[in-house]
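In the text below, chain A, chain B and the rest are named by the order of the sequence lines, each starting its count at 1.
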Amino acid sequence: MLGFLSNIIYATVRMAVPLLFISMAELYSERAGMVNIGLEGLAVIGSLCGFLMSFITGSVWIGILCGALVGILINLIYAYATISLCANQIVYGMAINILAPAVASFVYRIYFGDGSSLNQISLMKTISIPGLKNIPLIGPLLFDQTPMVYLAIILVIFTAIFFNRSKAGLNYKAVGEHPKAAATLGIPVIGTKYLACIICGALSGIGGAYLTTCYSTTYTEGIVSGRGFIALAAVIFGRWSSGGILIACLFFGLCDAAQIRLQVSSLSIPYQFFQMIPYLATIIVLALVGSKQAGPKANGNPYRKEER
Amino acid sequence: MERVKKSMTGFLVPVLSIILAFLIGAIIMLAMGASPARAFGALFKGAFGSAAAIGTTLNKATPLIFTALCACFAYKCGVFNLGGEGQFLIGATAGFCAVHLTGVTSFPGILLCLLTGTLAGDIWGLIPGILKITRGLNEMIISIMMNYVATLFMGVIYTSWCRDAGMPQTASVDESVMLPRVIPNMRFAWAFVPAVVVGLLLYYFLYWTSSGFKLRAVGLNMTASRFNGFPVKTYILTSFIVSGAIAGLGGASDLLGTQYRLINGYGVGYGFDGVAMALIGQLHPIATVVVAIFFAALRVGSTSMQVATKVPTSVSDIIQALVIVFSVAGMALTQLPEFKAFMLRLTSRSSGKKEERKEA
């Protein structure tokens, strides 16, 4: 029983991490008033780039780095169109969702051809923290993981401190709450919004790259399978706070882990019913939480300097 | 005059975006060492070169028209229905089950399939709609989650419940319910006709009836419509139901027209493609139909292009994606105050010149 439980928890952490990176990406974006529904696309291209560069160079770290870079690059298109041209953020996010996977599958076909040969890379090694990993139950869960898990934990803690305890973080939040007021205080609104898009692109690229460097050994179309959209739900569920988002991601990670476990354990029920669990859980959770607006006030609105 | 100018930009921006996207496509081809002229030639010939090719194009366009109109109608009412794919697939799945399980054949079978498909599609659309108006939930997230559920449910049908012997697919529908071709040697089935009819009906409804006007008003300004006493929630719910029904009807008629069976990978991407086409068509139903046919041609043609020049078909996906990236940005650009001022200066200068000429 203990073994089963720790297996589930271990899998939960592993499944929650990519979601956590992508949700944090959305948090940084929305805190500056930029709703980005293009996360799915960014994660797809991040996962491809992470895989491809790891495959070429043999280093998963270069893969992750390139995933982040390409995420930034694609998200800068979104940034330019929505910040400088004031295009509708939702519509442009959709455009990114269409563009990025198209580019990803094109690059994959060009590089690997149409052949069905399986191209694999070796996954990132786990690093255990001596001492701490000997704590029973939680030791191996939290302190015998890939470095990405530690990075995700650091990111959550840093984000919590940044947004709640630092002046820079409060300035950043002001851009999402009331950009005009922020501008009168001398906060660079446009600059902050671009910064938000860069952070968002990098984190969702990393989230995507995690999937191909730490989770699955190969890239397949549909590997992200809606995590970009579940991340949007996680931000709402987590009430735009990094602690809340952590809990939300662990919950969705648990659904994913349980789904995989159940698929293996009962063969009489079609496995697709178990695969539905994360998506149904998202709908149910959102329906229960409702819509009490807790997000940044100016979320999704374009910022025009001259307008009063 | 103002209206003419507006529709001119509405027409020019997508056209310029398409030209720009094709230019970038040509650059990609050059980088791959292929001749763009030959590639585009093969593409055009593959899509429109013969009666058979045109038939294939129209056939390919049919499901896209349905999902594009589904996205277009919901967006006109100000809601983002991103669940076109799920509504399409659940329509196809329900339609398939209805004829497969009851065994009804010929015309009653066709009618039964289309009706169940439409009904299933609008139930699928109703769920995000109800959650939006009662719980205020974001319709985009819910409708996307419903897409995954629909795809997986279709999977249950073709891998377990209605599996056809060894293969992970269902048996094909009875021959008597398959829709015949409109013109014998052109490969497009009667499913294409309802697609276009739905487009015309939406145009009539949206632009020539008072409910259509109100629905567009809700889409343009929800708060103002509420203060004017329009039943905003009813309109939102209706738009979800209707757009779900359109996609569901699309799924069922595509099943009877071309697909005949449920199989892995069916319908992947139709939903988002539909959204893209509705946006490029400036949310005008007729323009949306035209855009859908255009992109279907691009896809059909890209297969012949791949054979002739070794340029992979996925170039056409990139071109399509670039068209939407450019056209949305382009429309936003024309709305910018700086751009408007620039255009004003440009037009006033030219009209000033005319006056000078008159004086001379």
Side-chain angles (χ1 to χ4, degrees), chain A residues 37 40 77-78 80-82 84-88 90-103 105-110 113-114 221-222 225-226 228-230 232-233 236 269-276 278-283 286-293 302 304 306-307, chain B residues 28 32 71 75 80 82 127-128 131-132 134-138 140-142 144-149 151-157 159-161 268-269 272-273 275-276 279 306 312-339:
Chain A
I37 68 162
E40 178 86 3
I77 305 176
Y78 164 87
Y80 179 73
T82 53
S84 299
L85 300 181
C86 298
N88 183 320
I90 303 290
V91 171
Y92 225 80
M94 263 323 277
I96 296 295
N97 272 337
I98 293 164
L99 175 71
V103 174
S105 75
F106 177 74
V107 171
Y108 186 84
R109 297 247 166 87
I110 292 293
D114 266 334
E221 265 171 46
S225 61
F229 299 113
I230 294 181
L232 293 172
I236 298 173
I269 304 170
Y271 65 92
Q272 287 96 341
F273 281 119
F274 299 117
Q275 289 184 334
M276 286 178 195
Y279 309 114
L280 290 176
T282 308
I283 297 177
L286 282 180
L288 292 178
V289 174
S291 71
K292 268 175 268 153
Q293 277 302 322
R304 292 193 173 93
E306 291 80 7
E307 217 171 57
Chain B
I28 295 176
M32 292 175 59
Y75 195 13
F80 282 90
L82 300 183
I127 295 170
L131 288 174
K132 177 166 178 84
T134 58
R135 304 285 297 157
L137 297 190
N138 185 324
M140 293 179 287
I141 302 177
I142 304 291
I144 286 172
M145 294 298 122
M146 300 290 290
N147 284 348
Y148 290 100
V149 176
T151 310
L152 289 168
F153 185 72
M154 180 178 78
V156 172
I157 302 292
T159 57
S160 309
W161 291 356
V268 172
F272 283 7
D273 287 341
V275 175
L279 290 173
Q306 188 173 19
T313 52
S314 37
V315 167
S316 68
D317 293 337
I318 293 193
I319 293 178
Q320 180 192 322
L322 287 174
V323 174
I324 173 161
V325 166
F326 290 140
S327 65
V328 177
M331 282 316 285
L333 177 73
T334 56
Q335 300 301 314
L336 278 186
E338 292 90 337
F339 183 82

Checklist entry - Closest heavy-atom contact between F272(B) and F229(A)? => result CZ-CZ, 3.8 Å
Item to check | Interface residue of largest heavy-atom contact number with chain B, from A287(A), C86(A), A95(A), under 4.5 Å | outcome: A287(A)
Checklist entry - Tell me, side chain or backbone of E221(A) under 4.5 Å from chain B's heavy atoms, or both, or neither? => result neither
Checklist outcome for this item: Smallest heavy-atom separation, P128(B) atom then M146(B) atom, equals CD-CG, 4.5 Å
Checklist entry - What distance do I141(B) atom CD1 and T282(A) atom OG1 have between them, rounded to the nearest 0.5 Å? => result 9.0 Å
Item to check | Part of M276(A) lying under 4.5 Å from any heavy atom of chain B | outcome: both
Next on the checklist: With a 4.5 angstrom heavy-atom cut-off, is it the side chain or the backbone of S84(A) that approaches chain B, or both, or neither?
Outcome noted: backbone
Item to check | Side chain / backbone / both / neither for I77(A) at chain B, heavy atoms under 4.5 Å | outcome: side chain
Checklist entry - Side chain, backbone, both or neither: which part of V268(B) has a non-hydrogen atom closer than 4.5 Å to chain A? => result neither
Next on the checklist: Once salt bridge (charged side-chain N to carboxylate O under 4.0 Å, His left out) is applied, do any residues pair with D317(B), and if so which ones, sequence neighbours excluded?
Outcome noted: none
Item to check | Contact origin within V275(B) toward chain A - heavy atom pairs under 4.5 Å | outcome: side chain
Item to check | Between L232(A), N97(A), V91(A), the one whose heavy-atom pairs under 4.5 Å with chain B are most numerous | outcome: V91(A)
Item to check | For Y279(A), all residues meeting ring-ring contact (aromatic ring centres under 6.0 Å, His included), sequence neighbours excluded | outcome: Y148(B)
Checklist outcome for this item: Looking only at V325(B), I142(B), L322(B), most heavy-atom pairs under 4.5 Å shared with chain A are made by V325(B)
Next on the checklist: side chain to side chain contact (heavy atoms under 4.5 Å, CB included), that's the test. Do L336(B) and L85(A) meet it? Break it down for me.
Outcome noted: CA-CA 7 Å; L336(B) 278 186; L85(A) 300 181; 4.1 Å; yes
Checklist entry - Taking C-beta and beyond as the side chain, do I230(A) and M145(B) meet within less than 4.5 Å on heavy atoms? => result yes
Checklist entry - With chain B, which of V103(A), L280(A), T82(A), I98(A) has the greatest number of heavy-atom pairs at distances under 4.5 Å? => result I98(A)
Next on the checklist: Given heavy-atom pairs under 4.5 angstrom as the criterion, report whether the side chain, backbone, both or neither of I127(B) touches chain A.
Outcome noted: neither
Item to check | Test item: E40(A) side-chain N/O and G228(A) main-chain N/O as donor-acceptor pair under 3.5 Å | outcome: yes
Checklist entry - Which bit of I269(A) is near chain B, if near means a heavy-atom gap under 4.5 Å: side chain, backbone, both or neither? => result neither
Item to check | Pairs of heavy atoms under 4.5 Å with chain A: top-ranked of I144(B), I324(B), L279(B), L333(B) | outcome: I144(B)
Item to check | Side chain, backbone, both or neither of F80(B) within contact of chain A (heavy atoms, under 4.5 Å) | outcome: side chain
Next on the checklist: Apply side chain to side chain contact (heavy atoms under 4.5 Å, CB included) to residues L82(B) and I37(A) and explain how you reach the verdict.
Outcome noted: CA-CA 11 Å; L82(B) 300 183; I37(A) 68 162; 4.2 Å; yes
Checklist entry - Shortest non-hydrogen contact from F106(A) to S314(B)? => result CD1-OG, 3.5 Å
Checklist entry - Of the backbone (N, CA, C, O) and the side chain (C-beta and beyond), which part of F339(B) lies under 4.5 Å from a heavy atom of chain A, both, or neither? => result neither
